[in-house]
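Inspection log for the structure reproduced underneath, given as C-alpha cells.
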Amino acid sequence: MASCCRACETNAAYNPEHQPGCRYFSDCAERSKHDILGKMLELDLSQGNVVELASGTGQHAAFLGGQLPSTVWWPSDGCAGNLETIQQNCRGVGNIREGCVV
C-alpha cells in the first residue's frame with residue numbers, strides 16, 4: 001500500500017496494513033516536544049492561537065496544547081489520512097480544534 005505522506009513512508013512505526021483506530025507514532029516528534037515547548041515559552045507564545053502546519057501524528061499538538069492551556073491549537077496536515085491519528089492523539093485536550101487538510 002502506498003502512503004500519501006513521505007513521513008509515513010520513512011517512519012519505522014508506519015504500518016502499511018493500517019487499520020481504522022491504529023495510531024501512528026513519531027519518535028522524532030516525541031524527542032523534540034520539550035525543545036519546542038522551551039522555545040515557545042522563551043518567546044512568550046503561551047497564549048493565543050497556534051496554527052500548526054504538517055501536524056503529522058498530532059503528538060506536538062497534544063503535548064504542547066496540554067502544557068499551554070491558554071493557547072488554542074489548530075492542527076493541519078497535507079495528508080487527509082493523518083487527521084484520524086491527530087484526532088485520536090489529541091482526544092481529551094480541550095484547547096485543540098479539529099484538524100484540517102491544507
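Fair warning: this is a prediction, and the values are worked out from it, not measured in the lab. All residue numbers refer to positions in the sequence shown, counting from 1.
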Legend entry - Qualifying residue, where the test is side-chain contact (heavy atoms from CB on, under 4.5 Å) with Asn95 and the options are Val50, Leu68, Leu64, Thr71: Thr71
Inset, instruction - Is it possible for you to say whether Leu37 and Trp73 belong to one hydrophobic cluster, with membership spreading through side-chain heavy-atom contacts below 4.5 Å? - result: yes
Legend entry - Greater than 12 external heavy atoms within 6.0 Å of Glu30's CD: yes
Inset, instruction - Could you tell me whether the side chain of Ser46 reaches within less than 4.5 Å of the side chain of Asp44, counting heavy atoms only? - result: yes
Inset, instruction - Please answer: with hydrophobic residues joined when any side-chain heavy atoms are less than 4.5 Å apart, are Met40 and Leu53 in the same cluster? - result: no
Inset, instruction - Check for a donor-acceptor pair, side chain of Asn89 on one end and backbone N or O of Gln59 on the other, with a separation under 3.5 Å. - result: no
Inset, instruction - Can you measure from CG (Asp27) to OG (Ser32) and round to the nearest 0.5 angstrom? - result: 10.5 Å
Legend entry - Same apolar cluster (I L V M F W Y, side chains within < 4.5 Å links), Phe63/Val72: no
Legend entry - Heavy-atom donor-acceptor pair, Ser55 side chain to Ser76 backbone, under 3.5 Å: yes
Inset, instruction - Using atom types as modelled and distance alone, determine if a side-chain donor or acceptor of Asn82 lies under 3.5 Å from a backbone N or O of Thr57. - result: no
Legend entry - Same cluster (ILVMFWY, side-chain, under 4.5 Å), Ile86 and Ile36: no
Legend entry - Side-chain heavy-atom pair Leu83, Gln87 within 4.5 angstrom cut-off: no
Legend entry - Atom of Gly58, atom of Cys90 and distance for their closest heavy-atom approach: O-SG, 3.6 Å
Legend entry - Any side-chain heavy-atom pair of Ser26 and His60 under 4.5 Å: no
Legend entry - hydrophobic_cluster_shared for Ile96 and Val101, side chain cutoff 4.5 Å: no
